[in-house]
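A short write-up of the structure that comes next.
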Amino acid sequence: MKKNPYKVLGVKEGASYDEIKKAYRELVKKYHPDRYRNNPLADLAEEKMREINEAYEYLMKNAGGAYQYQSESYDYDNGSASQGSSYRTQYQSQQSAQYQARQEYADEFELERQVRAHINAGNLNEAQRILDRMRVRNATWYYLQGLIFLRRGWYDRGYSNIQRAVNMDPTNYEYRNMLNSLNNQYYGYRQNPYYRNVYRTDYDMCQICGTLWCMDSCCECMGGDFIRCC
Amino acid sequence: MFGYVEPDKPELKIRDFELFRGYYCGVCKSMGKRYGQLSRFSLTYDLAFLAVLLDSTNNENYNVKIERCIAHPIRKKRCVVRDNRFVDYAADMNIILAYYNLKDKWSDEKNPLGAIGAAGLRRAFRKAAKRHRDKADKIKSLLDELFRLEKEKCASIDEAAEPFANIMREVFQCPYVEGENKLKVLGWLGYNIGKWIYILDAWDDMEKDIRKGSYNAILAQFQYDGGSLDEFKARIKERLNFSLTYSLSECEKAYALLGSVKSTGVLDNIFYSGFIVKTDKVLQGRCRKNEKESV
């Protein structure tokens with residue numbers, strides 16, 4: 001273990017089981033591979049995720065939270081450990097399913113496979129070159145073009161290409177999934193807890209008058225007066 | 001083109017605001033000390049943010065001094081972050097960017113203020129460019145690319161924004177930051193902020209560009225036909241909102257991976273709230289250029 005697991009999870013030493021679990025959940029949300037799909041920093045996020053999982057499993061096995069939680073945490077231990085790994089197995093199975101799907105395509109469309117491989121490896125120029133050579137401009141073509149644009153950071157074009165792929169082939173799960181994921185990232189960022197917690201509604205005249213009237217009435221109830229004339 | 005990055009002030013703790021202002025004053029004073037008092041007029045918020053962000057990657061203590069400011073003689077003394085290599089770096093980059101910006105104003109719009117400003121900054125620029133030779137060269141060649149695209153009336157905001165985004169990538173990849181991964185993260189962060197600034201600026205300038213008949217990437221891509229600007233804006237707003245917000249979400253993801261160890265109060269505020277507030281303000285047209293006040 002290179003780093004202090006408590007530090008990795010951002011909790012105090014001797015934190016309770018619940019605190020650790022909560023912190024872990026937050027971090028999983030933050031660094032989840034789905035969020036970093038099609039992002040040049042995906043490998044770093046994956047590494048971070050591994051670190052977090054290791055720290056979590058270590059703490060669950062060894063420390064098990066604060067002292068008084070020990071007996072309890074033992075029970076939880078198995079459950080939580082399997083939960084921690086379930087995040088990963090789920091992700092892995094997802095990946096392998098995608099991979100298998102890719103394999104099937106491979107026999108039919110060698111070029112498409114190459115493009116995908118180049119995109120995954122980050123060789124965008126090479127991917128673009130092969131894509132330009134492809135003659136058929138079908139839904140797949142637009143989808144791949146969209147992926148390349150997104151990876152480059154050309155979001156406007158990326159989005160319209162993916163959208164076009166979905167319009168051309170509405171039944172394709174992968175394209176729709178990508179489009180949904182783009183929209184989710186958009187809403188997800190705008191709805192982040194920091195921003196959402198803030199009291200952002202503007203006061204209008206009605207609200208101000210209403211408040212003043214209420215205050216005056218309350219004062220009068222108590223024998224005082226806030227606004228003399230009424 | 002600058003001044004869009006700022007914290008969401010009402011949500012900021014006073015302590016964090018003081019810290020941000022400390023960096024702002026730090027960059028300003030660093031410029032004054034090393035490049036002459038005149039250069040201090042070119043300071044923008046964005047570079048103060050850069051100083052905070054870069055400095056947050058290491059664990060060194062803040063070196064804060066309480067000083068007076070020559071620009072505000074009657075105000076009380078304030079905190080200033082002093083003798084910090086990241087603050088100095090932000091000051092250098094501010095000089096380089098401001099000089100090119102002013103020069104562009106002169107050659108592009110024939111604005112005499114641009115010529116005067118550029119002349120005033122020339123010596124400072126030479127000094128800063130000498131310190132960061134390769135950065136200055138790269139920025140120069142990217143700017144040439146930007147002008148070329150503008151001359152060709154490039155009809156895609158993605159393509160038109162690319163050179164500026166890459167300039168920001170260069171600026172954010174500060175050579176004093178240690179670690180390959182951190183530089184990679186900073187590069188992607190800078191790229192997306194640059195993208196965001198470029199599109200936001202194009203939106204802000206639409207009215208002016210229509211009046212003057214000059215190039216604007218948004219007008220070019222969505223083929224503005226001379227009708228009502230409000231209708232035009234309403235038609236394309238959602239689409240641009242997506243690009244802007246998506247760039248910001250990529251910035252936020254990069255920030256999550258940067259692992260800042262200090263100043264997280266003000267940085268969280270900017271990344272999770274300040275950016276969104278600014279985007280909405282500009283998209284709704286509530287932010288004119290003159291609203292960009294200084295601290």
Side-chain angles (χ1 to χ4, degrees), chain A residues 3 7-8 10 26-49 51-52 122 146 148-163 179 181-200 202, chain B residues 8 10-11 156-162 165-166 169 179-182 184-189 191-192 194-196 199 217-218 221-222 236 238-259 261 264 268-277 279-280:
Chain A
K3 289 182 183 168
K7 270 205 178 136
V8 172
E26 286 297 313
L27 288 173
V28 166
K29 242 191 267 167
K30 201 167 170 183
Y31 297 104
H32 199 275
D34 280 356
R35 227 165 73 90
Y36 286 88
R37 223 162 26 142
N38 228 346
N39 184 311
L41 308 175
D43 50 337
L44 297 179
E46 214 170 291
E47 199 179 303
K48 182 92 187 166
M49 200 62 209
E51 214 172 68
I52 291 164
I148 294 176
F149 277 137
L150 285 177
R151 185 73 182 260
R152 264 188 208 288
W154 293 26
Y155 309 122
D156 185 66
R157 284 195 178 178
Y159 189 85
S160 18
N161 272 295
I162 303 262
Q163 183 137 52
L179 193 66
S181 139
L182 289 179
N183 287 326
N184 285 344
Q185 309 238 2
Y186 168 85
Y187 290 113
Y189 178 66
R190 281 198 163 258
Q191 295 297 315
N192 75 65
Y194 190 106
Y195 183 69
R196 208 181 43 205
N197 280 343
V198 175
Y199 189 66
R200 275 182 197 287
D202 288 333
Chain B
D8 178 16
E11 285 307 312
S156 152
I157 46 169
D158 282 331
E159 211 179 326
E162 185 75 4
N166 279 323
R169 189 204 295 269
E180 191 113 328
N181 286 347
K182 274 187 186 156
K184 191 175 159 193
V185 170
L186 280 172
W188 185 241
L189 211 165
Y191 175 89
N192 280 287
K195 188 134 226 163
W196 177 75
I199 300 176
I218 298 177
Q221 170 163 351
F222 297 100
I236 58 172
E238 269 318 297
R239 190 152 164 193
L240 287 175
N241 197 357
F242 174 81
S243 283
L244 289 167
T245 310
Y246 201 85
S247 311
L248 291 178
S249 83
E250 290 292 302
C251 289
E252 181 267 315
K253 283 177 220 163
Y255 170 63
L257 285 174
L258 189 64
V261 287
T264 47
D268 280 355
N269 175 291
I270 293 176
F271 277 101
Y272 292 106
S273 186
F275 279 143
I276 307 180
V277 171
T279 310
D280 288 349

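A, B, ... follow the sequence lines: proteins, then strands. Residue 1 opens every chain. The shown structure was predicted, so the numbers you read here are calculated from the model rather than taken from an experiment.
In terms of heavy-atom proximity, R239(B) sits nearest to S160(A) at NH2-OG, 3.4 Å. Counting all heavy atoms, side chain and backbone alike, W188(B) lies closest to R151(A) at CH2-O, 3.7 Å.
A donor-acceptor contact shorter than 3.5 Å is absent between the side chain of Y246(B) and the backbone of L150(A).
The distance from the CD1 atom of I199(B) to the OH atom of Y155(A) is 9.5 Å, given to the nearest 0.5 Å. Atom OG1 of T245(B) sits about 11.0 Å away from atom CG of N183(A), to the nearest 0.5 Å. In this structure, the separation between CG on D158(B) and CZ on F149(A) is 7.5 Å, given to the nearest 0.5 Å. In this structure, OH in Y36(A) is found 9.0 Å from CD in E250(B), a value given to the nearest 0.5 Å. Atoms CG and CG, from L248(B) and N192(A) in turn, are 10.5 Å apart once rounded to the nearest 0.5 Å. N181(B) CG to L44(A) CG: the interatomic distance, rounded to the nearest 0.5 Å, is 4.5 Å.
Among Q185(A), K30(A), R190(A), the residue with the largest count of heavy-atom pairs under 4.5 Å with chain B is R190(A).
Checked by atom type, the side-chain pair D156(A)/Q221(B) shows a donor-acceptor distance below 3.5 Å.
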**OP:** For the pair R157(A) and E159(B), evaluate salt bridge (charged side-chain N to carboxylate O under 4.0 Å, His left out) and give the outcome as yes or no after the intermediate values.
**Re:** CA-CA 9 Å; R157(A) 284 195 178 178; E159(B) 211 179 326; 3.6 Å; yes
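Side-chain atoms of S249(B) and R35(A), non-hydrogen and from C-beta on, never get closer than 4.5 Å to each other. Contact annotation: the side chain of Y195(A) never approaches that of E11(B) to less than 4.5 Å [non-hydrogen atoms, C-beta and beyond].
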